[in-house]
Amino acid sequence: MDWGFILERTFSTLFGVEVMVFALAAVGLNVHFGYTGLLNFGQVGFMAAGAYGLGVTIHYFEWNFMIGVVFGVVYSLILAAILGLPTLRLRGDYLAIVTIAASESIRLFVRWRKMKEFTGASEGLGEFADPFYETALNPFDVGVRYDFGPFSYLGRDLWVLTVGWIILILTVLFVKRLMSSPWGRALKAIREDEDAARALGKNAYWFKLQSLMLGGVIGGMAGMLQVIQKGSIQADTFNPVITFTIWAILILGGPGRTWSPVIGSMIYWTLIAFLETTLRQLPEGTSNTLEDTIKLSDFNISQVRFIMVGVGLILLARYRPQGIFGSREEMALDDR
Amino acid sequence: MTGEPRPEIVFGSTAGGGGAAGAIHDHDNPVAGVFDDVEAIPGSKKPDPILIADHVTKTFGGLTAVDVEHLEIQRGAITALIGPNGAGKTTFFNLLTGFDKPNTGHVVLDGSSIDGVPPHKLANKGMVRTFQLTKALSRMTVIDNMKLGAVNQTGEHFWRALLPVWKRQEEEVEARGDKLLDRFNLTHMRDEFAGTMSGGQRKLVEMARALMTDPKLVMLDEPMAGVNPALTQSLLGHVKGLRAEGRTVIFVEHDMDVVHDISDWVVVMAEGQIIAEGTPDDIAANPDVIDAYLGSSHDADFESWDDGPAPVELPTDSTDAAPNDAASTDAASPDDEGSA
Ligand SMILES: Nc1ncnc2c1ncn2[C@@H]1O[C@H](COP(=O)(O)OP(=O)(O)OP(=O)(O)O)[C@@H](O)[C@H]1O
Ligand SMILES: [Mg+2]
């Protein structure tokens, strides 16, 4: 087994694009669920709104890149309003139903044949990310591989990572500041008991809408960073599995904690990368036995790693239900 | 059961010790004498009503839960709302505080109509309520529970929350919260999660938190339910303290000794209607009231009013865990919030 390769892959994943993008999306979900108690099962819908806001504006209208970013944000806000306005007066489960339905509707809508002119339908969109890499601000050579100790990134990715991690850290600090303000206190009160908050003069509906918008825009930014790195937008990448991965990351880190989305994402993706590279590097004999029993091909290695992560999550739920950062005592308070 | 003079019930006698905060005597009552000229009939006119309800009805399917023809609540007084289980007291509270919408009727608070006004706006107008099933905000500290109660906080606006413009107000709010915690003997719980508190302590926090809104009108739904007798005495003291500060109090209560002890005026509901109003003594002598209670499974201890100090009663009939249907009535129905 090539342990050097396994370690390089694992370490590079630690600060890689997936960790960054999913951490950011989970920061948004943390605003929704961790702080406000909103059940958003369609975070991938906000990522799609951001991605298409950016892509369609640049690709179709050929407008400036930054205008595309603004549209990405605006689309996310509009989606939050469309989802929130009719449902946030109702019980929490209505939002859950509407968000999961909406995120799938968005995916089916953008890949609809008749939308081809705008969204590229199932073929997707390209040629919108170039200005991001061609800017004079980019100090890296996009085609060159950069190595720092065990970390190894392509110059192109390194630029996305630099911008992405700055955005991620600033967003976490922004959310932290908000949550330690009276505004954040009102959100937590709504999470704990909406009627109590209303009886004390808090407009729960308005706070929940603001929370949905904030977390949605953060999800939209994650979507933009993701497609900027890919260089293309494919409708089918915005599927519900993404949403559930974001949930797994948030639960892993512990909802309602400042850094838990980031740490959760790091653990999740490094574990996946470690399992995948290790499985692929298994010594001949082991590999053959495994192959005989579960037919371990290239294809199902990627399935096996998810199975193992699933087992890990079950163990987590059993032995540390509060997540990495959560406090068990605090969580137990729910039951009273 | 007649209106004969009864022996004075010595304050705190039912509790075998009582709370220190309960030592407010009747001569401190700022509304003493106000009810002298008020007729003891349902819907009677009050000299200075803070709240007026007219033709307020609410039906659930075929059941008329509330059918209040006319009710006036005297400003600055403590009014008790009593009635058997299922009489509609909590539902009436929900209607008055905007948590539920009446089928018909009008409510006027301090001279202006509050029909259709959502709960959060009413809190800002000085009307605050507590809930029959206590709502401690479990995963927030006690002091955060208190700070939440302050209304008109600059830092509750999204953009301003990012700037330090709310820090000074926050200090004021925190100081006020600490003062109230001290008054309710809860300072030692200040930094604990509210969810770690006992049921009785939660009742105290909920009341203290409600006072953070600086209300004119305080509506308490069974504030003493599930609270031990000694703590009841201190809660009674706090309720009287509210009256001493010039606030109006409406409270729902099943314990007749408590009702008799602190209320200036008693309103009796049964099957959604107001069947009697009067001073505690009027009510004790009212045969309709006794019928209403005896007709239900609820065992009112009216006799004890005539027989001197009442025996210590464990409030078994109205604890948090009482297996009645009240749980469903506290939860607001899904479509009832007001404007954005
Ligand atoms: N949301 C609801 N749906 C259907 N029926 C309801 C609802 N809320 C209350 N009721 C009914 O209305 C009646 C009055 O209930 P309410 O809770 O107001 O009584 P209460 O006087 O507060 O009783 P308790 O002393 O037990 O708290 C009851 O018969 C109850 O079953
Ligand atoms: Mg009730």
Side-chain angles (χ1 to χ4, degrees), chain A residues 31 34-35 37 81 84-94 173-211 213-214 255-256 322 326-327 329-336, chain B residues 97-99 118-125 127-131 134-140 144-145 147-163 166 169-170 173 193-197 199 202 206 209-210 212-213 219 330-340:
Chain A
V31 171
Y35 293 106
L85 285 170
T87 58
L88 290 175
R89 287 178 202 281
L90 311 176
R91 265 198 343 253
D93 11 7
Y94 289 89
L173 295 176
F174 181 85
V175 169
K176 179 181 160 74
R177 191 178 173 90
L178 274 172
M179 293 310 162
S180 50
S181 77
W183 186 82
R185 184 163 63 218
L187 290 196
K188 288 178 216 162
I190 289 164
R191 174 191 74 194
E192 295 301 305
D193 194 312
E194 191 178 330
D195 282 341
R198 293 163 74 203
L200 294 169
K202 313 303 168 208
N203 186 347
Y205 180 64
W206 176 229
F207 278 109
K208 288 195 287 184
L209 193 60
Q210 290 182 88
S211 166
M213 288 179 149
L214 173 63
Q322 69 275 35
S327 117
E329 292 72 41
E330 188 178 335
M331 204 177 112
L333 296 176
D334 273 355
D335 306 337
R336 299 197 22 163
Chain B
T97 52
F99 276 87
H120 67 92
K121 287 198 178 146
L122 289 178
N124 288 298
K125 283 177 188 279
M127 181 178 185
V128 76
R129 72 167 299 181
T130 65
F131 294 86
T134 325
K135 294 187 185 299
L137 304 168
S138 295
R139 288 178 296 164
M140 291 171 72
D144 269 353
N145 265 264
K147 290 201 259 182
L148 178 79
V151 292
N152 295 324
Q153 295 188 54
T154 314
E156 283 178 1
H157 299 272
F158 184 85
W159 293 110
R160 275 174 267 175
L162 292 164
L163 305 170
W166 47 270
Q169 190 188 29
E170 180 83 351
V173 166
F193 282 122
T196 64
M197 293 188 305
R202 287 172 197 223
E206 197 184 29
R209 190 177 66 194
M212 285 295 288
T213 64
M219 303 184 53
D330 262 357
S333 52
D335 57 350
D336 69 336
E337 188 162 344
S339 67

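Order of the sequence lines sets the chain letters (A, B, ...), proteins ahead of strands, with each chain counted from 1.
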Undergrad: Where is the tightest heavy-atom contact between Gln169(B) and Asn152(B), given as atom of each residue plus distance?
TA: NE2-O, 2.9 Å

Undergrad: Between Met140(B), Gln153(B), Glu206(B), which shows the greatest number of heavy-atom pairs under 4.5 Å with chain A?
TA: Met140(B)

Undergrad: I need the residue from Ala197(A), Ala186(A), Ala199(A) with the largest number of non-hydrogen atom pairs under 4.5 Å to chain B.
TA: Ala199(A)

Undergrad: About how many Å separate CD1 of Ile190(A) and NZ of Lys202(A), when rounded to the nearest 0.5 Å?
TA: 9.5 Å

Undergrad: Do you know the tightest heavy-atom contact between Glu194(A) and Ala204(A)?
TA: CG-CB, 3.6 Å

Undergrad: Find the distance between CH2 (Trp206(A)) and NE2 (His157(B)) and round it off to the nearest 0.5 Å.
TA: 11.0 Å

Undergrad: If you count heavy-atom pairs under 4.5 Å between each of Leu162(B), Val128(B), Val151(B) and chain A, which one has the most?
TA: Leu162(B)

Undergrad: Do the rings of Trp183(A) and Phe158(B) sit parallel, tilted or perpendicular, given the 30° and 60° boundaries?
TA: perpendicular

Undergrad: Against chain B, label Leu187(A) side chain, backbone, both or neither, depending on which of its atoms sit under 4.5 Å from a heavy atom there.
TA: neither

Undergrad: Measuring heavy-atom distances to chain A, does Thr213(B) have an atom under 4.5 Å in its side chain, in its backbone, in both, or in neither?
TA: side chain

Undergrad: Any chance you could measure Trp159(B), atom CH2, to Gln210(A), atom CD, to the nearest 0.5 Å?
TA: 10.0 Å

Undergrad: Flag the pair Glu170(B) and Lys147(B) as a salt bridge only when some basic side-chain nitrogen lies within less than 4.0 angstrom of an acidic carboxylate oxygen.
TA: yes

Undergrad: Who wins among Thr130(B), Leu148(B), Asn124(B) for the most heavy-atom pairs under 4.5 Å with chain A?
TA: Leu148(B)

Undergrad: Side chain, backbone, both or neither: which part of Arg209(B) has a heavy atom under 4.5 Å from chain A?
TA: both

Undergrad: Go through the atoms of Ala194(B) and report whether side chain, backbone, both or neither lie under 4.5 Å from a heavy atom of chain A.
TA: neither

Undergrad: Using heavy-atom distances under 4.5 Å, tell me whether Lys125(B) contacts chain A through its side chain, its backbone, both, or neither.
TA: neither

Undergrad: Just give me the residue among Met212(B), Met127(B), Glu156(B) that pairs up with chain A most often, heavy atom to heavy atom, under 4.5 Å.
TA: Glu156(B)

